[in-house]
Amino acid sequence: TNFGWSNVFAPGSDIMSCGNDNDSDYKTLSGTSMATPMVAGIAALLRAQFPTESAAQIINRVYRGVDAKAAFSGKCQTGGRVNLSNALATTSSAPVNDAFSSPVVIPAGLPRSLRTANFAATAEASEPVHAGAAANKTIWYSWTAPADGNYVFSTRGSLRTTVTTEGGVENYGTATL
């Protein structure tokens, strides 16, 4: 996407593509329409390599395989650019924010919308207990308010219990902090 906070970056500038003027027409194009096929192609190759994995696990492999780049930090969920070789070599299909010790940092600023899943997530012994329940298939995010004020986190549509904490106080579902 050219707007908002996406999950990954992919090459999308000066990509050679087929044109539609005649049978031998090629053009150099740029934009999300050029980047999207890169990600789709990587997902298709991963699916061929890991045929028993779900779509969510394949997506997790794409995310785990990125080349982290400082320039992308805070601009996308993974902080990196897709890399097929890395995605094929990763040994885990768990979400990138599966580890309590390394949450995905949500940058302050423009409104953010996250679409994520905890499929193939795990629970670690070091994860905190919430509402007396042990951790189970947890994913982690971290966010720091840019200034004093009210902020709303909504988990509308979530099929799972979502817990936010602020100052040690647990909030379930939508929370105003």
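As the structure is a computational prediction, the values presented were derived from the model and not from experiment.
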_Does anything in residues 69-89 form a ring-ring contact (aromatic ring centres under 6.0 Å, His included)? List the pairs, not counting sequence neighbours._
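Qualifying pairs, neighbours excluded: Phe9-Phe72.
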
Mind checking whether [X] and [Y] have side chains closer than 4.5 Å, heavy atoms only?
{"X": "Leu45", "Y": "Leu84", "result": "yes"}
{"X": "Asp67", "Y": "Asn86", "result": "yes"}
{"X": "Ile58", "Y": "Arg47", "result": "yes"}

If every non-hydrogen atom of [X] is compared with every non-hydrogen atom of [Y], which pair is closest and at what distance?
{"X": "Gly80", "Y": "Cys76", "answer": "N-SG, 3.5 Å"}
{"X": "Met38", "Y": "Ala10", "answer": "CB-CB, 4.3 Å"}
{"X": "Pro11", "Y": "Val82", "answer": "CD-CG2, 4.1 Å"}
{"X": "Ala121", "Y": "Ile139", "answer": "CB-CG2, 4.1 Å"}
{"X": "Leu88", "Y": "Phe50", "answer": "O-CZ, 3.8 Å"}

_Side chains of Asp98 and Thr122 only: does a donor on one sit below 3.5 Å from an acceptor on the other?_
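The answer is yes; a qualifying pair exists.
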
*Would you say Met34 and Val39 are hydrophobically clustered, going by side-chain heavy atoms of ILVMFWY under 4.5 Å?*
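No, separate clusters.
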
*side-chain hydrogen bond (donor to acceptor under 3.5 Å, both in side chains) with Ser33: which residues, sequence neighbours excluded?*
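Counting only residues at least two positions away or on another chain, Ser33 forms no side-chain hydrogen bond (donor to acceptor under 3.5 Å, both in side chains).
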
_Arg64 side-chain N/O to Ala94 backbone N/O, donor-acceptor pair under 3.5 Å_ =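 The answer is yes, because a donor-acceptor pair under 3.5 Å joins these two groups.
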
*Quick one: does Ser54's side chain have a donor or acceptor within less than 3.5 Å of a partner on Gln57's backbone?*
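Side chain of Ser54 to backbone of Gln57, a donor-acceptor pair under 3.5 Å: yes, one is there.
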
_As an exercise, state the distance from CD1 of Ile59 to OG of Ser93, rounded to the nearest 0.5 Å._
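Result: 11.5 Å between the selected atoms.
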
*State the OG1-CG distance between Thr78 and Asn97, to the nearest 0.5 angstrom.*
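If I round to the nearest 0.5 Å, the distance is 11.0 Å.
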
_Taking Arg61 first and then Glu53, would you say they form a salt bridge - that is, a charged N and a carboxylate O separated by under 4.0 Å?_
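Looking at Arg61 and Glu53, the cut-off is met.
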
Side-chain donor-acceptor contacts of residues 12-23 below 3.5 Å, not counting sequence neighbours, with atom names and distances?
from	atom 1	to	atom 2	distance (Å)
Asn22	OD1	Ser24	N	2.9
Asn22	OD1	Ser24	OG	3.2
Asn22	OD1	Asp25	N	3.0

